[in-house]
**Q** 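If you scroll down you'll find the structure; I have some questions about it.
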Amino acid sequence: QDVTRLDYGTNAGGTVLVKVLKLRSEHIREVTIDGNPVQFESETIGKDTYTVFKAPSGEHSLEIIKGSPVAQPADQTLIKG
């Protein structure tokens with residue numbers, strides 16, 4: 001499991017929208033702020049894909065937890081001959 005950790009601070013009023021560029025090969029499993037899971041989504045702009053989520057104002061720690069995508073079973077075709 002690979003984790004990106006960041007500490008951030010902002011004095012913006014209310015929540016802020018965070019967009020973190022991700023590698024094409026990365027699969028994001030979870031995003032946490034101060035250890036609490038938050039909802040996130042992927043957004044593609046051109047050829048770039050971002051992990052996007054809302055975060056509270058103030059000083060916080062966030063983690064983006066990555067993992068391998070679930071392997072899809074291979075198509076099995078039996079040939080009788």
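Note that the structure is a prediction, hence the values are computed from the model and not measured.
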**Q** Could you tell me whether the side chain of Val52 reaches within less than 4.5 Å of the side chain of Leu17, counting heavy atoms only?
**A** yes
**Q** Do Arg24 and Lys47 touch side chain to side chain, with heavy atoms closer than 4.5 Å?
**A** yes
**Q** Just checking, any donor-acceptor pair under 3.5 angstrom between side chains of Thr51 and Lys19?
**A** no
**Q** How close do Lys54 and Ile33 get, counting heavy atoms only, and between which atoms?
**A** O-CD1, 3.9 Å
**Q** Got a second to check how far Thr32's OG1 is from His60's NE2, nearest 0.5 Å?
**A** 12.5 Å
**Q** Quick check: do Glu43 and Thr49 have side-chain heavy atoms less than 4.5 Å from each other?
**A** no
**Q** Looking only at non-hydrogen atoms, find the nearest pair between Ala12 and Val16 and report the distance.
**A** CB-CG1, 3.7 Å
**Q** Would you call Leu21 and Asp48 a side-chain contact if the rule is heavy atoms closer than 4.5 Å?
**A** yes
**Q** Going by side-chain heavy atoms closer than 4.5 Å, which hydrophobic residues are tied to Leu23, directly or by a chain of links?
**A** none
**Q** With sequence neighbours left out, write down each residue that passes ring pair (Phe, Tyr, Trp, His ring centres under 6.0 Å) with Tyr50, or none if nothing qualifies.
**A** none
**Q** Hey, could you give me the OG1/NZ distance between Thr4 and Lys22, rounded to the nearest 0.5 Å?
**A** 11.5 Å
**Q** Answer yes or no: is there a side-chain heavy-atom contact under 4.5 Å between Ile28 and Ile65?
**A** no
**Q** For atom CD of Glu59, is the number of surrounding heavy atoms from other residues, nucleotides or ligands below 6.0 Å larger than 12?
**A** no
**Q** Scan side-chain atoms only and decide if Thr10 and Ser57 contain a donor-acceptor pair under the 3.5 Å cut-off.
**A** no
**Q** Could you state whether Val3 and Val38 fall into the same hydrophobic cluster, counting links through intermediate Ile, Leu, Val, Met, Phe, Trp or Tyr residues with side-chain heavy atoms under 4.5 angstrom apart?
**A** no
**Q** Would you say Gln39 and Phe53 make side-chain contact, with heavy atoms under 4.5 Å?
**A** no
**Q** For Asp34 and Ser61, indicate whether the former's side chain and the latter's backbone hold a donor-acceptor pair under 3.5 Å.
**A** yes
**Q** Identify the two heavy atoms, one from Ala55 and one from Tyr8, that lie closest to each other, and give their separation to 0.1 Å.
**A** CB-OH, 3.2 Å
**Q** Could you grab the distance from atom CG of Leu6 to atom CG of Leu62, nearest 0.5 Å is fine?
**A** 4.5 Å
